[in-house]
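No experiment lies behind these values; they were computed from the predicted model shown. Ligands are counted one by one from 1 in listed order, and the atoms in each one are counted from 1 as well.
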Amino acid sequence: MSEFTYPAELALQPLALPPSVSVTVPGSKSITNRALVLAALSNNTVKGALRSEDTEVMIDSLRRLGFLVTEDWAANTVTVGRPGWERLIPADTADLWVGNSGTTLRFLTALVSIDRGTYRLDGVARMRERPVEDLLAALRQVGVDARSEQGTGCPPVIVVSGAGWKGNVLTVRGDVSSQFLSGLILAAVCSQRDYSVVTIRIDGPLVSVPYVDMTLAMMTQWGIEAGWEGDNTIVVDPHWQGHPSGYTIEPDASAASYFWAAAAVTGGRVTVSGLNRTSLQGDVRFVEVLGQMGCRVEECDAGITVHGGPLRGVDVDMNNISDTVMTLGAVACFAEGPTTIRNVAHIRHKETDRIAALAKELRKLGAEVAERDDGLTITPRALKGCAVDTYNDHRMAMSLALVGLKVPEVVIRNPGCVAKTYPGFWQDWEKLRG
Ligand SMILES: O=C(O)C1=C[C@@H](OP(=O)(O)O)[C@@H](O)[C@H](O)C1
Ligand SMILES: C=C(OP(=O)(O)O)C(=O)O
């Protein structure tokens with residue numbers, strides 16, 4: 001992302017006045033990466049796309065797979081398609097670099113299995129610690145030779161496919177990441193010519209359910225019948241019924257959480273435009289947690305507005321909105337009474353071990369934090385500014401920025417890690433000054 005440069009450390013200045021602003025955040029990462037895959041299979045244009053490291057590795061990988069991609073970032077529009085109709089995946093061999101993008105790794109591992117070919121997917125050091133074995137095991141059930149190159153259950157991943165999936169029934173575990181299931185649903189679209197449905201069963205609990213619902217809702221928007229059958233089975237009709245002519249991406253609700261939370265911690269008012277509760281993104285419900293803490297939440301045509309006020313601690317199950325755990329962790333430091341976050345053990349497998357990282361950095365800032373396997377309890381104490389580490393995790397950086405709105409001398413180390421999903425975050429954050 002050449003447009004932005006970042007210092008090694010960023011010293012934050014607290015706000016002089018509570019903000020009273022309306023902001024626009026970039027397109028959703030999760031919707032962009034799904035839409036790029038669907039566009040690649042159906043020759044389509046994605047509008048309002050997010051440009052960030054996670055979407056750039058997706059676009060670069062699609063090119064390496066032989067898809068034709070035209071980018072017009074002045075209009076945030078990307079067009080993707082196949083050069084011919086003989087193959088579903090144009091290149092029969094490719095080496096893909098997924099950086100630290102979980103969605104790119106998991107969606108493309110599944111996608112490349114639908115055609116004959118040999119593919120390798122690898123990423124940064126942390127990506128080599130992020131699990132993918134449950135997805136590989138599911139692909140082996142339909143005759144795909146899918147394995148972790150070093151036997152670690154993590155990337156690098158090798159996928160050797162004969163001629164797509166043999167069979168139409170798979171079972172996948174869902175307790176580590178929902179992205180395995182979303183990848184299989186996306187790939188199922190073109191996986192079969194011989195069956196009328198593909199059935200994917202979920203073995204055990206499923207985390208991050210709203211992301212699976214997002215995948216299914218997008219399939220419907222793209223003319224594919226896919227949906228739940230009971231609580232633990234997904235059925236996909238692997239035949240297109242037609243495609244949209246162009247597809248528009250919503251603003252990113254996880255990115256919006258930092259701005260709504262800014263209103264909460266400062267007692268100000270912040271509107272994030274372009275989002276409402278009918279969003280495809282579960283993270284839009286983060287505002288309900290702020291509502292429980294004492295904020296007033298207002299939804300109108302322009303977007304969702306949060307009005308801050310005195311905050312009280314809450315006890316919440318965040319399994320459905322786990323990308324906002326760290327946002328809430330920062331807000332909790334400014335509430336009356338403790339906040340307990342539950343049922344998010346799976347966030348230990350993300351860009352960093354997010355439970356451990358959040359506990360460590362909030363303690364450095366002065367909060368009292370009790371860590372459990374599946375979450376944490378944050379008890380507010382007097383805070384003092386210090387240099388905080390971000391663990392190369394964009395959400396650590398953007399969440400800790402909230403503390404810097406109120407507490408002097410907060411310094412963010414490696415602020416450039418925001419580029420994973422929000423390269424212009426620091427510029428937009430300055431808009432809180434009015
Ligand atoms: O499907 C998706 O787009 C995502 C699913 C979630 O991952 P998990 O299912 O691993 O929790 C979320 O954390 C990630 O940022 C995006
Ligand atoms: C966990 C995240 O991303 P991913 O799993 O797609 O790398 C995230 O954006 O917070």
Side-chain angles (χ1 to χ4, degrees), residues 25-38 50 52-58 61 98-110 121 123-124 126-132 134-135 154-155 172-186 202 205-219 249-250 252-258 279-283 286 318-327 343-355 357-358 374 390-399 417-423 425:
V25 298
S28 156
K29 167 203 81 173
S30 293
I31 300 179
T32 301
N33 273 358
R34 284 166 174 75
L36 288 168
V37 168
L38 291 166
L50 169 68
S52 76
E53 286 175 2
D54 275 17
T55 58
E56 286 188 336
V57 292
M58 174 62 87
S61 296
V98 301
N100 197 8
S101 169
T103 53
T104 307
L105 172 76
R106 278 77 175 246
F107 296 173
L108 293 187
T109 294
L121 298 91
V124 300
R126 175 60 182 171
M127 184 50 89
R128 285 182 168 209
E129 296 171 348
R130 296 187 65 186
V132 69
D134 295 335
L135 173 58
C154 300
V172 65
R173 276 179 58 161
D175 57 343
V176 171
S177 171
S178 69
Q179 294 174 7
F180 307 148
L181 177 57
S182 284
L184 292 170
I185 297 170
L186 287 166
I202 303 152
L206 173 63
V207 295
S208 297
V209 175
Y211 285 99
V212 174
D213 289 332
M214 173 193 286
T215 309
L216 294 172
M218 286 185 66
M219 302 288 267
I249 308 285
E250 298 174 3
D252 193 296
S254 325
S257 75
Y258 310 109
S279 165
L280 295 179
Q281 301 166 78
D283 278 6
F286 177 70
M318 294 194 83
N319 194 285
N320 278 345
I321 54 169
S322 66
D323 282 0
T324 63
V325 162
M326 291 169 293
T327 324
N343 199 16
V344 289
H346 65 291
I347 73 172
R348 293 188 183 275
H349 302 297
K350 305 228 180 204
E351 286 80 334
T352 185
D353 174 339
R354 287 180 164 171
I355 294 177
L358 181 63
D374 80 327
T390 48
Y391 305 79
N392 208 27
D393 183 343
H394 53 143
R395 300 204 189 284
M396 283 297 289
M398 296 189 278
S399 300
C417 63
V418 297
K420 185 175 190 284
T421 56
Y422 197 161
F425 174 77

**Q.** Option with minimal heavy-atom separation from atom 7 (O) of ligand 2, where the choices are S30, G123, G102, S52
**A.** G102
Q: Answer yes or no: is there an ion pair linking R126 with D353, defined by an N-O contact shorter than 4.0 Å?
A: no
Q: For K420, counting its heavy atoms only, list the atoms of ligand 2 lying under 4.0 Å from any of them.
A: 3 (O), 4 (P), 7 (O)
Q.
For atom 4 (C) of ligand 1, which of the options F107, F180, Y211 provides the nearest non-hydrogen atom?
A. Y211
Q | Of D54, D393, N100, the residue whose pairing with K420 passes side chain to side chain donor-acceptor pair (under 3.5 Å) | A | D54
(Q) Would R354 and Y391 count as a side chain to side chain donor-acceptor pair (under 3.5 Å) here? Give the steps. (A) CA-CA 9 Å; R354 287 180 164 171; Y391 305 79; over 6 Å; no
Q. Hey, does the side chain of S399 reach the backbone of M396 with a donor-acceptor pair shorter than 3.5 angstrom?
A. no
Q. With a 4.0 Å heavy-atom cut-off (strictly under), which part of R34 contacts ligand 1: side chain, backbone, both or neither?
A. side chain
Q. Which atoms of ligand 2 are found less than 4.0 Å from any heavy atom of N100?
A. 7 (O)
Q: Below 4.0 angstrom from a heavy atom of S101, which ligand 2 atoms are there? Numbered from 1 as shown, please.
A: 7 (O)
Q: Check ligand 2 against H394 and write out every atom of the ligand that is under 4.0 Å from a heavy-atom position of the residue.
A: 8 (C), 9 (O), 10 (O)
Q: Return the residue, atom name and 0.1 Å-rounded distance of the protein heavy atom closest to atom 5 (O) of ligand 2.
A: R130 NH2, 2.7 Å
Q. Would you say the side-chain atoms of T215 pair up with the backbone N or O of Y211, donor to acceptor, closer than 3.5 Å?
A. yes
**Q.** Main-chain N/O of A345 paired with D374 side-chain donor or acceptor, under 3.5 Å
**A.** no
Q) Backbone, side chain, both or neither: what part of H346 comes under 4.0 angstrom of ligand 1, heavy atoms only? A) side chain
Q. What protein heavy atom sits nearest atom 3 (O) of ligand 2, and how far off is it?
A. K29 NZ, 2.9 Å
(Q) Looking at every heavy atom in both A357 and T352, which two are closest together, and how far apart are they? (A) CB-CG2, 3.9 Å
**Q.** Atom pair CE (M58) and CZ (F107), whose distance is rounded to the nearest 0.5 Å
**A.** 6.5 Å
Q. What closest approach, in Å, do G183 and A110 show between heavy atoms, and which atom pair accounts for it?
A. O-CB, 3.3 Å
Q. Is S178 in polar range of ligand 1, meaning some N or O pair under 3.5 Å apart?
A. yes
**Q.** Shortest protein heavy-atom distance from atom 10 (O) of ligand 2, along with the residue and atom involved
**A.** R395 NE, 2.6 Å
Q: Drop me the distance from I185's CD1 to F180's CZ, to the nearest 0.5 angstrom.
A: 13.5 Å
(Q) As an exercise, identify every atom of ligand 1 less than 4.0 angstrom from a heavy atom of S177. (A) 8 (P), 9 (O), 10 (O)
Q) Do side-chain atoms of S101 reach the backbone of T104 as a donor and acceptor pair under 3.5 angstrom? A) yes
(Q) At less than 4.0 angstrom from any non-hydrogen atom of K29, what atoms of ligand 1 do you find? (A) 14 (C), 15 (O), 16 (C)
Q | Close-contact set for ligand 2 against R354 heavy atoms, below 4.0 Å | A | 1 (C), 8 (C), 10 (O)
Q.
Using a 3.5 Å distance criterion without hydrogens, assess whether the side chain of E53 forms a donor-acceptor pair with backbone atoms of G99.
A. no
(Q) Can you tell me if M396 contacts ligand 2 (heavy atom of the residue under 4.0 Å from the ligand)? (A) no
Q) Any N or O of Q179 that comes nearer than 3.5 Å to an N or O of ligand 1? A) yes
Q. Within the side chain of D252, is there an N or O that forms a donor-acceptor pair under 3.5 Å with the backbone of K29?
A. yes
Q. How far apart are the closest heavy atoms of L50 and T421, and which atoms are they?
A. CD1-O, 3.3 Å
Q: May I ask you to identify the nearest protein heavy atom to atom 8 (C) of ligand 2, giving residue, atom name and distance to one decimal place in Å?
A: E351 OE2, 3.2 Å
(Q) Below 3.5 Å, N or O to N or O, backbone or side chain included: is there any such pair between S322 and ligand 1? (A) no
(Q) Counting only nitrogen or oxygen atoms and a 3.5 angstrom limit, does T103 reach ligand 2? (A) yes
(Q) Under a 4.0 angstrom heavy-atom cut-off, which atoms of ligand 2 come close to K350? (A) 1 (C)
Q: Mind checking whether S208 contacts ligand 1 via backbone (N, CA, C, O), side chain (CB onward), both or neither, at a 4.0 Å heavy-atom cut-off?
A: side chain
Q) Which of the numbered atoms in ligand 1 are below 4.0 angstrom from a heavy atom of D323? A) 12 (C), 13 (O), 14 (C), 15 (O)
**Q.** Option with minimal heavy-atom separation from atom 11 (O) of ligand 1, where the choices are H349, R395, Q281, K350
**A.** K350
